[in-house]
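Every chain is numbered from 1 and lettered A, B, ... according to where its sequence line falls, protein lines coming before strand lines.
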6 protein chains.
Amino acid sequence: DFLSALDEVKPAFGAAINTLEMCRLNGMLNCGTRHAHVLKTVKTFVEQVKKSKRTPLLTCLLEGPSGSGKTALAASIGIDSGFPFIKIVSAENMIGLQESTKCAMITKVFEDSYKSPLSIIILDDIERLLEFVSIGPRFSNVILQTILVLLKRIPPKGRKLLVIGTSSLEDKILESMTLLDTFNVDLNVPNLKPSEMKQVLEALDVFDPADVDNAVTALDEEISIKRLLMLIDMAAQAGGKGTHVHQKIELGYFFKCLQMINT
Amino acid sequence: DFLSALDEVKPAFGAAINTLEMCRLNGMLNCGTRHAHVLKTVKTFVEQVKKSKRTPLLTCLLEGPSGSGKTALAASIGIDSGFPFIKIVSAENMIGLQESTKCAMITKVFEDSYKSPLSIIILDDIERLLEFVSIGPRFSNVILQTILVLLKRIPPKGRKLLVIGTSSLEDKILESMTLLDTFNVDLNVPNLKPSEMKQVLEALDVFDPADVDNAVTALDEEISIKRLLMLIDMAAQAGGKGTHVHQKIELGYFFKCLQMINT
Amino acid sequence: DFLSALDEVKPAFGAAINTLEMCRLNGMLNCGTRHAHVLKTVKTFVEQVKKSKRTPLLTCLLEGPSGSGKTALAASIGIDSGFPFIKIVSAENMIGLQESTKCAMITKVFEDSYKSPLSIIILDDIERLLEFVSIGPRFSNVILQTILVLLKRIPPKGRKLLVIGTSSLEDKILESMTLLDTFNVDLNVPNLKPSEMKQVLEALDVFDPADVDNAVTALDEEISIKRLLMLIDMAAQAGGKGTHVHQKIELGYFFKCLQMINT
Amino acid sequence: DFLSALDEVKPAFGAAINTLEMCRLNGMLNCGTRHAHVLKTVKTFVEQVKKSKRTPLLTCLLEGPSGSGKTALAASIGIDSGFPFIKIVSAENMIGLQESTKCAMITKVFEDSYKSPLSIIILDDIERLLEFVSIGPRFSNVILQTILVLLKRIPPKGRKLLVIGTSSLEDKILESMTLLDTFNVDLNVPNLKPSEMKQVLEALDVFDPADVDNAVTALDEEISIKRLLMLIDMAAQAGGKGTHVHQKIELGYFFKCLQMINT
Amino acid sequence: DFLSALDEVKPAFGAAINTLEMCRLNGMLNCGTRHAHVLKTVKTFVEQVKKSKRTPLLTCLLEGPSGSGKTALAASIGIDSGFPFIKIVSAENMIGLQESTKCAMITKVFEDSYKSPLSIIILDDIERLLEFVSIGPRFSNVILQTILVLLKRIPPKGRKLLVIGTSSLEDKILESMTLLDTFNVDLNVPNLKPSEMKQVLEALDVFDPADVDNAVTALDEEISIKRLLMLIDMAAQAGGKGTHVHQKIELGYFFKCLQMINT
Amino acid sequence: DFLSALDEVKPAFGAAINTLEMCRLNGMLNCGTRHAHVLKTVKTFVEQVKKSKRTPLLTCLLEGPSGSGKTALAASIGIDSGFPFIKIVSAENMIGLQESTKCAMITKVFEDSYKSPLSIIILDDIERLLEFVSIGPRFSNVILQTILVLLKRIPPKGRKLLVIGTSSLEDKILESMTLLDTFNVDLNVPNLKPSEMKQVLEALDVFDPADVDNAVTALDEEISIKRLLMLIDMAAQAGGKGTHVHQKIELGYFFKCLQMINT
Ligand SMILES: Nc1ncnc2c1ncn2[C@@H]1O[C@H](COP(=O)(O)OP(=O)(O)OP(=O)(O)O)[C@@H](O)[C@H]1O
Ligand SMILES: Nc1ncnc2c1ncn2[C@@H]1O[C@H](COP(=O)(O)OP(=O)(O)OP(=O)(O)O)[C@@H](O)[C@H]1O
Ligand SMILES: Nc1ncnc2c1ncn2[C@@H]1O[C@H](COP(=O)(O)OP(=O)(O)OP(=O)(O)O)[C@@H](O)[C@H]1O
Ligand SMILES: Nc1ncnc2c1ncn2[C@@H]1O[C@H](COP(=O)(O)OP(=O)(O)OP(=O)(O)O)[C@@H](O)[C@H]1O
Ligand SMILES: Nc1ncnc2c1ncn2[C@@H]1O[C@H](COP(=O)(O)OP(=O)(O)OP(=O)(O)O)[C@@H](O)[C@H]1O
Ligand SMILES: Nc1ncnc2c1ncn2[C@@H]1O[C@H](COP(=O)(O)OP(=O)(O)OP(=O)(O)O)[C@@H](O)[C@H]1O
Ligand SMILES: [Mg+2]
Ligand SMILES: [Mg+2]
Ligand SMILES: [Mg+2]
Ligand SMILES: [Mg+2]
Ligand SMILES: [Mg+2]
Ligand SMILES: [Mg+2]
């Protein structure tokens, strides 16, 4: 089943893009200047890898709270790069596999990338790849060591590789694992602050314009894009009108939904 | 025996409902507004999953002290949902199995659910699924990681899934395991306070109405529905009259029973 | 040898009673009102399980210091219950077996009990079943989880089960293992205090009545029934008169024995 | 090799006595009243086991610093008891064996003893049987649990058993392992204090009587019988006269030896 | 696959040099007197091993922050030594192998070296060889012990060996592992300070001479040669002019790049 | 490979001596009175074992800082003893072997020694035999227990054994492992203090007599004989004159070498 496990991870090219597309299923909304800065920086790395003769390997880490949009960002960049090899390494395809099998799969993705002139590898949700839990703390050191070595191994002559990692781990933990030292650069993908929530709500056009400010005020100081989208969708189902998406959300019902999930 | 283990967990549809029915064997009494709020919120999620096109996956966690009625609540919602696929994942069917077998069984339930348009999975007593004990603390990280990944894996196109977890673990522990971050929402199912005990006792109609207040006063500030029902049943067996259930409980004997179990 | 291990634990009915009888080899002396209270409470549970239609499962824990008489109490209740299925689960029959075998044996006892309309299972010396030691602390989590699940699993329709556990573990430890939460009730079986020692010594009739008070005064504030009986027996062997049991114990020699074992 | 391991431990009767004799190779010197008190108490237990009908099992623990004479005491009592079954369980015969094999060997010794009407088992150097080390601390919990259960298992009808354990572990550790609670009695075998050293030196008759007090004064406040005997032997080899044992030790050379080993 | 693992590590001579060359791909720039001092010291050891009859084995450790140039230094010295046997032991060739296989591979390199009159072995990135992570901390003690023993084992008569280790571990950790005690000498390879950055930038000739001081001032007090080279390369790709390497870097764009990677 | 492992450790007699000789390759210099005291004490033990009828087993531990000359001392004593059986147990011959194999090898050396009337066993570098590392701390308890038991096991009648252990572990650690209690005596082998360095330098005759005091003053308060010899050899290679050993070392170059290794 080791071989079949590898099979699963070896999708045809189209499939890889499809997987990436799933990470930005609902399109990419403008989440404000902080997200935009991250996007621009990573795109500069895409260019540097493509053009420079002295930088065959660049690695950057997107870190931020759960649901802040890290995976969507990485997937977007991958799709837009136009690189011939783009692959996402995700725990979803490795459920229940043994550490050594997971290592072999991760290593294989890197070795496959060495055959392409230009590659992007997304190490998505590194804490899940590492089977990390803060009680202990525990994690797979075998997988961590594999990743640490792969992140520094120079591709063969003429091959170029950009690695984008994503993680919700605290900086202190990332540092203890020498992940901060090992990635060339780390970039923070934050939760939305009120002004950014407003931008998102306006772009979604789900409230009567007069209601947007009140809606934002009712929210916490900080919310993830993921939770905001779930809440909007919950409120949009109100009173059996769920299927008429174009109807606006009633503010009173929005507050009720907010109260239900904040108990 | 791995296959036979899977067999055991693959009951025909009717059987699944029977298992759920066993979780609310004695009917559902009104436990007050706090329980009602939880019930209403989860039922809203049932509707959201059913109707929304943007929310193929919703996950919520019922947490509260031992015996507070979490499993009964989850089972009730499952039965009433009318969804074609409802399954309870419980440690009772996995006694003595190895971690990897348990992971395979849990994963299989999720993969089976992906074949149904609308599904509910109850992860009952997550601490038992995880083999958790606070000395250490120790638990199966393999099972935890499996659950963490499954709780975030989007079902295939056109499939929708509501996951309801139940747990008596403290918030601090749930947070350390990133379970609070991973479930979309967590809801508290509390023990009964005096006014709620009164409602339950009145509904049961086991005391002379004049005795109910005295009975409640004799109880602690807080009691689980489970312990209250056991105590009532104990008192109802007094003096060999146990089989005449319709006879009222004598207050003096009720106090004696209370004293016996509170040493 | 797994099967033969199970064989050992599957004694014919008579054998089970014999094993129980061995736990109260020297008869049951009156150890005072505190022991009597425990006895009465557990006997009430026996009745509740027998008569109630709503309580198919009751579980209670006898906890107290080493040698305080917990096992003797549990065995006595079992013998006197007249239930068709009574079994004691004890580490003595599992020496050197592997965790998984022990789990299978414990589970088998519960599943056997589900075939009898009325059953009592004694989980004797839970710390030994769990292979507990406070250095670490260490214990078999596999066995603990098995016990935790079995203690909550409702027997099939029409079957009724009373589980009596015994343990010398501290409350803090029992709580950390959620054993206190999992047993319906826990009852304390204490060591003897002076007035209770006097009752025991008078019942044994080994001292000249005039000496009993002096003997009690020489003892510690608290002693287990086990240690008291050993000491009496030691003193009774004095001066080669060991076989003439009916002769009274000389107080001076009793004090010497006491001194010998208290260094 | 499991069977051959058991073979090694199954010495014919004579062999067992020979092994015991080796533990008191140099005869038994009078080490003062404290040692004598221990000896007398254990001999009382020997009598109690022999005569009493109510005490089929007695267990006592000799604990004290390294080299204080615990094993010699236990072996002496065993030899002098005249019991038909006497066996010493020692780590020396189990070097390099696996935990489970050691458990089987220990259990076998107990089960062999159940076939004899009167038996003594010496569990020598319990810390070595347990593979104990205070760093961690670490030890074999499997062996500990085996010993804890065996120390409480009542021999079959008509069989009687005295178990003597020896250990240099601190009380705190013994208590954490519930060994103090499990043995019926624990007795301290101390190092020699000056008056006792004097008794030993006089009995050995290796110094000019006028020198004994000076020799004792030069020693520490406390010394083990083992170290004292080694030092005497070292001094007795002085100046090539080693073989003439009857010649007295020169005090000056004794001091030099003392200085050599006390750096 | 053990054998094939060994095959991988047994490159023909030329291959070894190629691997070493890859460690100083971009040539060796003058990094200031501190780096020069390290270089000179290690070269003195090369001479001592070559000439002395009394020193068949010398071992030195290059330690310093991540990316400070340790591996490049070690590789340079190896290449320039002219010794017939030079090998680098690196985790890159051991990804996913088991501890015991890694030990065998490391041991084999030493034993191969014993066949050459003059050898250099580079133990590169000792923390990766040891699978070290500071959470725990965890590492392979089997590999550590192997290295500790090999670092002290005298080569056979007439054979001489210089071992150069590199590591980014903190001194405290190296000491806890007795690595500082075991290497004959440890030498610090530091990050660049401003005056050294200036030297490097001038040697690279990528800025207008008038801009160098401003560029240095914009940098942190301390930077690794690795990060400095990456930043320069990033800035050199500005405005699509990436391929014209000889064009100077615009200071404004250099500051923008700096800001991008320092978020 | 277990058997072949044993083969390796079973050198013919001459080979054993050769191994010992390698431990004092450069001859034995006079390192001052403290080393001399240790030498004399251990030689007294050699005599005691040889002559006494009451001491069939003596064990002593040489402990001191890394490189202080412990192994050279032990080897010297072994060679000079003239005993028919002398063997050194060293981690160098056990690289990469499993714990159980190492135990078997160590045990075999002891059992071989029991066949010789007079034997010396050197347990060299006990921390390496135990695979000790202070992070954790971790070590092989299986090997420790084996050594602890072997150090107390009396050889068969007529056989005599002296065991010399060496270790750089701190006293606190040695005590936690009961190694200090288990060895009959422990002796400290210290680093050189200035007066002792002077003795060594004068004996080596590598400086102009007028320079010795200045050389000593430049050194630390304390240095191991190992480091001093390495430094002298380094300085002796100066200016290409490395092969003319009889030429004196120039003080200026000596200071430069000192500075190189003390960074
Ligand atoms: N810019 C965006 N516009 C629209 N939707 C977005 C955007 N960013 C993220 N989302 C959506 O928000 C949800 C969460 O995003 P994503 O999974 O990328 O977050 P994450 O930081 O990777 O979360 P996690 O920490 O759980 O891995 C997804 O459903 C995603 O499609
Ligand atoms: N609303 C209710 N009306 C009547 N009986 C109830 C109600 N809620 C729970 N019970 C009964 O109380 C007992 C405990 O309920 P349940 O098992 O659901 O609690 P729980 O919180 O899941 O407990 P645990 O923490 O042990 O898993 C069960 O016998 C159940 O049938
Ligand atoms: N009421 C009693 N009358 C007479 N003997 C008793 C009584 N209770 C206990 N004993 C005797 O005292 C001894 C200890 O009792 P028992 O084994 O039941 O104690 P325990 O609390 O289970 O001890 P442990 O903690 O070691 O399991 C036994 O020999 C038992 O027969
Ligand atoms: N009373 C005695 N008279 C003469 N020799 C004795 C006496 N007691 C002990 N010895 C001798 O002293 C040495 C140490 O005694 P023993 O081995 O019994 O001590 P121990 O307390 O068991 O030591 P350890 O803690 O190492 O197990 C042995 O050589 C033994 O023969
Ligand atoms: N003196 C130098 N001149 C030019 N480039 C150098 C010099 N030293 C190092 N480099 C380059 O800097 C980068 C980092 O150097 P190197 O890998 O040797 O550092 P390191 O200290 O071994 O890093 P790590 O801690 O990651 O192992 C490499 O690309 C290397 O080629
Ligand atoms: N008295 C001496 N005269 C000359 N050389 C010596 C002397 N003692 C030790 N040496 C030399 O010093 C070096 C270190 O000595 P040795 O290996 O015995 O020290 P050690 O204390 O065993 O070290 P470690 O702690 O590393 O095991 C060896 O090369 C040895 O030959
Ligand atoms: Mg993500
Ligand atoms: Mg429940
Ligand atoms: Mg008991
Ligand atoms: Mg002993
Ligand atoms: Mg490096
Ligand atoms: Mg040494």
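In this structure the side chain of A:R54 never reaches within 4.5 angstrom of the side chain of E:L229, judged on heavy atoms. A:V185 places a side-chain heavy atom less than 4.5 Å from the side chain of E:M230. Inter-residue side-chain proximity for A:L187 and E:M260 is flagged as unmet; no heavy-atom pair is nearer than 4.5 Å. Proximity of E:I261 to A:F45: side-chain heavy atoms (C-beta onward) are separated by under 4.5 Å at one or more points.
Put simply, of A:K152, A:K157, A:K40, A:E175, the one with the most heavy-atom pairs under 4.5 Å next to chain E is A:K152. Ranked by heavy-atom pairs shorter than 4.5 Å toward chain E, the options A:I154, A:T55, A:L150 are led by A:T55. Of the residues considered (A:L144, A:L148, A:I173, A:T182), A:L148 shows the highest number of contacts with chain E, using heavy-atom pairs under 4.5 Å.
Atom SG of A:C103 is separated from atom CG of E:L97 by 10.5 Å, given to the nearest 0.5 angstrom. The line from CD1 of A:I147 to CD1 of E:I95 is 11.0 Å long, rounded to the nearest 0.5 Å. In this structure, the separation between CZ on A:R153 and CG on E:N93 is 8.0 Å, given to the nearest 0.5 Å.
A donor-acceptor distance shorter than 3.5 angstrom exists from the side chain of A:Q145 to the backbone of E:E131, with no hydrogens or angles considered.
Scanning residues 132-142 of chain A against chain E with a 4.5 Å heavy-atom cutoff picks out A:P137, A:R138, A:F139, A:N141, ordered by number.
Interface residue A:T178: only side-chain heavy atoms are found under 4.5 Å from chain E. Neither the backbone nor the side chain of A:E47 comes within less than 4.5 Å of any heavy atom of chain E. Contact annotation for A:S176: both backbone and side-chain heavy atoms come within less than 4.5 Å of a heavy atom of chain E.
Within a 6.0 Å radius of CD in A:Q98, no more than 12 heavy atoms belonging to other residues, nucleotides or ligands are found.
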Does the pair A:D181 and E:S66 meet the rule for a side-chain hydrogen bond (donor to acceptor under 3.5 Å, both in side chains), with working shown? CA-CA 7 Å; A:D181 262 5; E:S66 178; 4.6 Å; no
